[in-house]
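Single-structure report; data block below.
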There are 2 protein chains.
Amino acid sequence: MATSIHINLSHKSYLREPESTELGRKIITESIKLIDALGFEQFTFKKLAAEIGSTEASVYRYFENKHKLLVYLVSWYWAWVDYNVTFQTHNIQDPRQRLCRALEVLTKAGQDDDPAVAYIDERILYRIVVAESSKVYHTKEVDAENKEGYFLEIKRLCRHLAQLVLDINPAYPYPHALISTIMDAAHQQPYFAKHLPSLTEIKDTQRAKEETLEFLKHLLFSAVDSVEYNSKQ
Amino acid sequence: MATSIHINLSHKSYLREPESTELGRKIITESIKLIDALGFEQFTFKKLAAEIGSTEASVYRYFENKHKLLVYLVSWYWAWVDYNVTFQTHNIQDPRQRLCRALEVLTKAGQDDDPAVAYIDERILYRIVVAESSKVYHTKEVDAENKEGYFLEIKRLCRHLAQLVLDINPAYPYPHALISTIMDAAHQQPYFAKHLPSLTEIKDTQRAKEETLEFLKHLLFSAVDSVEYNSKQ
DNA sequence: ACTTTTATGATAGTATTACTATTATTAACA
DNA sequence: TGTTAATAATAGTAATACTATCATAAAAGT
């Protein structure tokens, strides 16, 4: 993948664009490290400011609160995955192979250390998304934030992948439900493997993502293929 | 279902058993209402104490903190669902029909107002579990809490349902992964229908649970049935 | 009946969190 | 060179997440 791409978000969970300044980029870089290290609950702007040698007040000029920072990070992640899916599938003609590749990108998003943006460590960000992303939409403000466009990136990826499903079988009736289920499982199954192993057959080894991919491929294709579709009609 | 059943939890997320005293039961009853009303982040023991006409210090005698209270509520919920699954399936002979019924119990758990325990409103608790339950295991303490047995109830239900899958097709290689995925989707799809409708085909109507059940049944059975198994061997 | 234990209430206090406000300093820009 | 904008430094506030102490009342044990 090309170095130095730019991911555009379609909403403003920030007060001041963090990409445009040195301090802003430091906030992103270090918040990723610190949320991963402490967990979102223990993470505070004060600790972050200490880490980057700045002040709490300065961080607050970029993000209203830590929740909005998390929204920003998670949205960036989904936009980045969507970009990767597009990039990695655009010259695959066979719809089945294309969806396979997309699933692989989705499942292995945290694997290769191929930084697209200098100040974002996607491998650490992946761990944050796995552990914390459900917290961005499981709040009382979900409807208000949805109106602000905070979830457009995950919705776009879901729509994108659902279209790949329909390319295989336009008669399958639940493409979005299937994809949102798969997207979640792609993250949760390796997490379960590591922390709650009795909830899955996936083993917490180097092959965990590979095994997850096998499980998801089987799940997805058996659902899509079990709906009759006569392509000749 | 019989009124006045007793759900036993296999761990102690509490300091003092809340079921055994008037105040303890009030804590459970009112915390369910208040977490539902405010969301878990805005919920505090001070507000809860005010609601039940007691003091913060008294609530702290029952639960170390609000996180452990949530662990208790969510565990109770899973134990209750597991009880219901057992009860509603025990005289169904056909394994396929049995799993169907189990799925129905899982998906419609928040529907019927048939209180099994006087001081717990299962319909409100259902909403809490949908919106907040992932927060119980997405923390830095997940491994320590797992050792304490805090997740035994969800694991037991997963094992239970996975066994029903194996009763249909012992050759299916991912019964637990499939069930943990389905358990999650059973809650998230109706939530998406209500709050992030572009992530699912399910509509936020009275039939939402019914539609979710259709989606899940199709997903589950197509996966299980697409693995070859010769029962005559 | 009397003592001991236990549960609750009342009150106070602390460190941390999640902010907001003010002012000074420095860098950028016109 | 003067103006604007960004940051640092500092202070302050209300709420949160607790802990501690003591009094009282009810329940249990002897």
Side-chain angles (χ1 to χ4, degrees), chain A residues 12-31 34-73 119 132 135-136 139-141 144-145, chain B residues 12-31 34-73 119 132 135-136 138-141 144-145 150:
Chain A
K12 283 178 66 176
S13 47
Y14 51 80
L15 294 171
R16 178 170 302 169
E17 196 165 14
E19 316 192 4
S20 59
T21 67
E22 185 60 30
L23 179 60
R25 289 186 292 270
K26 263 194 194 169
I27 287 173
I28 300 303
T29 308
E30 294 302 317
S31 67
L34 205 55
I35 292 173
D36 180 58
L38 304 177
F40 189 65
E41 282 71 30
Q42 300 306 312
F43 168 83
T44 69
F45 278 2
K46 194 172 190 174
K47 292 173 186 170
L48 174 61
E51 207 68 34
I52 61 186
S54 179
T55 64
E56 224 182 334
S58 295
V59 177
Y60 273 105
R61 286 196 199 92
Y62 283 85
F63 292 96
E64 249 181 271
N65 52 52
K66 68 176 182 172
H67 179 259
K68 301 225 170 173
L69 169 57
L70 185 63
V71 168
Y72 180 89
L73 295 176
Y119 60 95
E132 320 287 3
K135 296 168 190 172
V136 310
T139 70
K140 282 283 157 187
E141 294 78 36
E145 295 189 345
Chain B
K12 284 178 64 176
S13 45
Y14 52 80
L15 295 169
R16 178 171 302 170
E17 196 165 13
E19 316 191 4
S20 60
T21 67
E22 185 60 29
L23 179 61
R25 288 187 292 269
K26 264 193 193 169
I27 288 172
I28 301 303
T29 307
E30 295 302 317
S31 66
L34 206 55
I35 293 172
D36 180 57
L38 304 178
F40 189 64
E41 283 71 30
Q42 300 306 312
F43 168 84
T44 70
F45 278 2
K46 194 171 192 177
K47 293 173 186 170
L48 174 61
E51 208 67 34
I52 63 186
S54 179
T55 65
E56 223 182 332
S58 294
V59 177
Y60 274 105
R61 289 195 192 96
Y62 282 84
F63 292 96
E64 252 181 86
N65 51 52
K66 67 176 183 173
H67 178 258
K68 300 224 170 171
L69 169 58
L70 185 63
V71 168
Y72 180 89
L73 295 176
Y119 60 94
E132 320 287 3
K135 296 169 190 171
V136 310
H138 283 142
T139 70
K140 283 284 157 186
E141 294 78 37
E145 295 189 347
Y150 287 8

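So you know, we letter chains A, B, ... as the sequences are listed, proteins then strands, and number each from 1.
Protein atom CG of B:Leu69 is 12 Å distant from nucleotide atom P of D:dA17, rounded to whole Å. Taking atom CZ of residue B:Phe45 and atom P of nucleotide D:dT19, one finds them 11 Å apart after rounding to whole Å. For A:Lys68 and C:dC19, the NZ to P distance is 10 Å, given to the nearest whole Å. Atom CD of B:Gln42 and atom C1' of C:dT17 are 13 Å apart (whole Å). B:Phe40 has its CZ atom 13 Å from the P atom of D:dT16, to the nearest Å. Regarding B:Arg61, its CZ atom lies at a distance of 12 Å from the P atom of D:dA20, rounded to whole Å. The NZ atom of B:Lys66 sits 15 Å away from the P atom of D:dA15 (whole-angstrom rounding). Going from atom NZ of A:Lys26 over to atom C1' of D:dA6 covers 14 Å, rounded to whole Å.
The side chain of B:Thr44 approaches D:dA17 more closely than any other nucleotide in the set C:dA18, D:dA17, D:dA8. Across C:dA18, C:dA7, D:dT7, the shortest atom-to-atom separation from the side chain of A:Tyr60 is found for C:dA18. Listed candidates were C:dT8, D:dT10, D:dT7. Nearest to the side chain of A:Ala57 is D:dT10.
No engagement by A:Phe63 is indicated, since no non-hydrogen atom pair under 4.0 Å with the nucleic acid exists.
Note: A:Phe40 and A:Phe43 have parallel aromatic rings, judged against thresholds of 30 and 60 degrees for the angle between ring planes.
Within the structure, every side-chain polar atom (N or O) of A:Thr55 is placed at least 4.0 Å from both OP1 and OP2 of D:dA9. The phosphate of D:dT16 has OP1 or OP2 within less than 4.0 Å of a side-chain N or O from B:Lys47. The side chain of A:Tyr62 places an N or O atom within less than 4.0 Å of a non-bridging phosphate oxygen (OP1 or OP2) of D:dT7. Taking only side-chain nitrogens and oxygens, B:Thr21 comes nearer than 4.0 Å to OP1 or OP2 of C:dT8. Distances shown here put every side-chain N or O of B:Arg16 at or beyond 4.0 Å from the OP1 or OP2 atom of C:dT6. In terms of phosphate contacts, A:Ser54 brings a side-chain nitrogen or oxygen within less than 4.0 Å of OP1 or OP2 of D:dA8. Phosphate proximity of D:dA17 to B:Lys46: absent, as no side-chain N or O sits under 4.0 Å from OP1 or OP2.
A salt bridge between B:Lys135 and B:Glu41 is present, with a side-chain N of the basic residue lying under 4.0 Å from a carboxylate O of the acidic one.
With a 6.0 Å radius and a threshold of 12 heavy atoms from other residues, nucleotides or ligands, B:Lys26 has its NZ atom at or below the threshold.
Scanning both residues, A:Gly24 and A:Tyr62, for their nearest heavy atoms gives CA-CE2, 3.7 Å.
Side-chain atoms of B:Glu64 and base atoms of D:dC18 include no donor and acceptor less than 3.5 Å apart.
Rounding to the nearest 0.5 Å gives a distance of 15.5 Å between OH of A:Tyr60 and CZ of A:Arg16.
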